[in-house]
Asker: 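What follows is a single structure, and I will ask about it in a moment.
For ligands, and for the atoms within them, numbers begin at 1 and follow the listed sequence. Values below: all heavy atoms of this structure, side chains included; hydrogens, waters and symmetry mates excluded. Here the structure is a predicted model, which means the values were calculated and not measured.
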Amino acid sequence: MTNHLIEIRGLRTVFSSEEGVAKAVDGLDLHVDQGETLGLVGESGCGKSVTALSIMRLVPAPQGAIVAGEILFEGRDLLKLGESEMRKIRGNDISMIFQEPMTSLNPVFRVGDQIGEVFRLHRNMDSAEAAEASIEMLARVGIPSPRERAGDYPHQMSGGMRQRVMIAMALACDPKLMLADEPTTALDVTIQAQILELMNEIKSSKGTGIILITHDLGVVAEMADRVAVMYTGMIVEEAPVKDLYASPQHPYTIGLLKSIPRIDRQRTAHRQRLNVIAGMVPDLRRLPEGCTYQDRCPEVQPQCIHPPVLQRKPTGHLVRCWMR
Ligand SMILES: Nc1ncnc2c1ncn2[C@@H]1O[C@H](COP(=O)(O)OP(=O)(O)O)[C@@H](O)[C@H]1O
Ligand SMILES: [Mg+2]
């Protein structure tokens with residue numbers, strides 16, 4: 001049994017193609033408690049989105065598949081549920097804000113009606129109540145003239161507006177767990193701050209657990225209680241947010257923090273600064289034996305050819321490194 005809102009144990013999710021098998025998530029252990037924000041960080045291609053998709057059981061089949069592990073949500077293993085039970089959990093107990101909002105909004109319905117549908121289904125509101133609640137929700141996510149915009153179709157809105165609609169929908173169902181995958185990456189800094197504040201407010205008022213996926217360490221510093229750093233489908237370090245920033249242990253975390261983006265800078269500048277770690281994320285189909293960070297690591301030693309395990313260190317951090 002587990003007391004955590006969600007506890008992931010030994011999760012493995014792979015993608016198979018003619019070129020081989022990519023271990024997108026490779027033995028992941030992670031938990032989130034009620035009212036807690038876990039920041040999941042790492043460079044592009046490290047398995048963050050696939051982790052969220054695995055929790056939602058939305059890994060694209062047949063090329064992608066969850067091949068091992070448990071995802072205990074309130075003690076129940078989501079990987080053992082049937083599709084109809086899983087559908088009840090999605091968008092009800094667990095909701096996800098995707099990186100690309102266009103894929104999850106229905107192009108043929110007005111956005112107000114789409115949010116209203118969530119209120120009708122999950123909060124038992126009648127149509128008039130749901131319509132009012134939708135407008136209120138649009139206002140809360142910072143959409144100007146919400147009453148008018150509720151009548152828009154998704155294609156009539158900008159990308160940033162659509163992302164805010166998505167967030168409104170995710171919040172409307174009052175989930176116990178929210179998976180936010182780069183929720184503000186496409187938004188300008190003012191809107192980003194508004195959305196993050198809204199997420200924080202929901203967390204404290206409703207006790208929602210949040211997994212906040214982002215490559216933006218500035219956002220994580222502001223938002224997360226605990227941070228898990230992911231590299232090649234594995235957690236390489238995990239610690240409370242203050243400890244992680246004050247004394248990062250894993251060489252990869254140290255590299256990431258050297259490139260910390262600032263929340264008051266332009267988005268394009270963020271991307272440039274995030275490239276300071278030498279080399280590239282290795283091909284997940286051809287990972288080196290042993291530590292998967294060894295080719296880029298400034299502290300590499302002979303024993304790194306053996307795979308390090310994630311261990312609790314005297315600092316209290318969980319770290320996957322022989323050198324710590
Ligand atoms: N639809 C897919 N088809 C094949 N491989 C995929 C697919 N989605 C993800 N992957 C593999 O999983 C890895 C992790 O992807 P992802 O979780 O999206 O990374 P990120 O950390 O940037 O969110 C990718 O590098 C890729 O190898
Ligand atoms: Mg991603």
Asker: Quick one: pull up CD1 in I210 and OG1 in T37 and give me the separation to the nearest 0.5 Å.
Answerer: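 Reported to 0.5 Å precision, the distance equals 4.0 Å.
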Asker: Given G64, G47, G233, identify the one with the heavy atom nearest to atom 19 (O) of ligand 1.
Answerer: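 Nearest heavy atom to atom 19 (O) of ligand 1 lies in G47.
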Asker: Return the option from V25, L284, V14 holding the heavy atom at the smallest distance from atom 26 (C) of ligand 1.
Answerer: L284
Asker: Indicate yes or no: does E19 engage R286 in a salt bridge with an N to O separation below 4.0 Å.
Answerer: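 R286 and E19: not salt-bridged.
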Asker: Does S44 bring an N, O or S atom to within less than 2.8 Å of the Mg ion (ligand 2)?
Answerer: no
Asker: Can you sort out which atoms of ligand 1 are near C46, meaning under 4.0 Å from one of its heavy atoms?
Answerer: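 Here the atoms of ligand 1 in question are 19 (O), 20 (P), 21 (O).
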Asker: Can you name the atoms of ligand 1, numbered from 1 with element, that are less than 4.0 Å from a heavy atom of A24?
Answerer: 12 (O), 13 (C)
Asker: Suppose we measure from atom 18 (O) of ligand 1 to each protein heavy atom; which comes out shortest, and what is that distance?
Answerer: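 In this structure, atom 18 (O) of ligand 1 has S49 CB, 3.5 Å as its nearest protein heavy atom.
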Asker: Which value, rounded to the nearest 0.5 Å, describes the distance between E129 atom CD and R120 atom CZ?
Answerer: 11.0 Å
Asker: Under a 3.5 Å distance rule, please check whether R296 uses its side chain to pair with a backbone N or O of G279 as donor and acceptor.
Answerer: yes
Asker: Need the ligand 1 atom indices (1-based, order shown) with element for anything under 4.0 Å from a heavy-atom of S44.
Answerer: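 What qualifies from ligand 1 is 22 (O).
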Asker: On the 0 to 90° scale, with breaks at 30° and 60°, tag the H250-Y252 ring pair as parallel, tilted or perpendicular.
Answerer: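 If you compare the ring of H250 with that of Y252, the planes turn out perpendicular.
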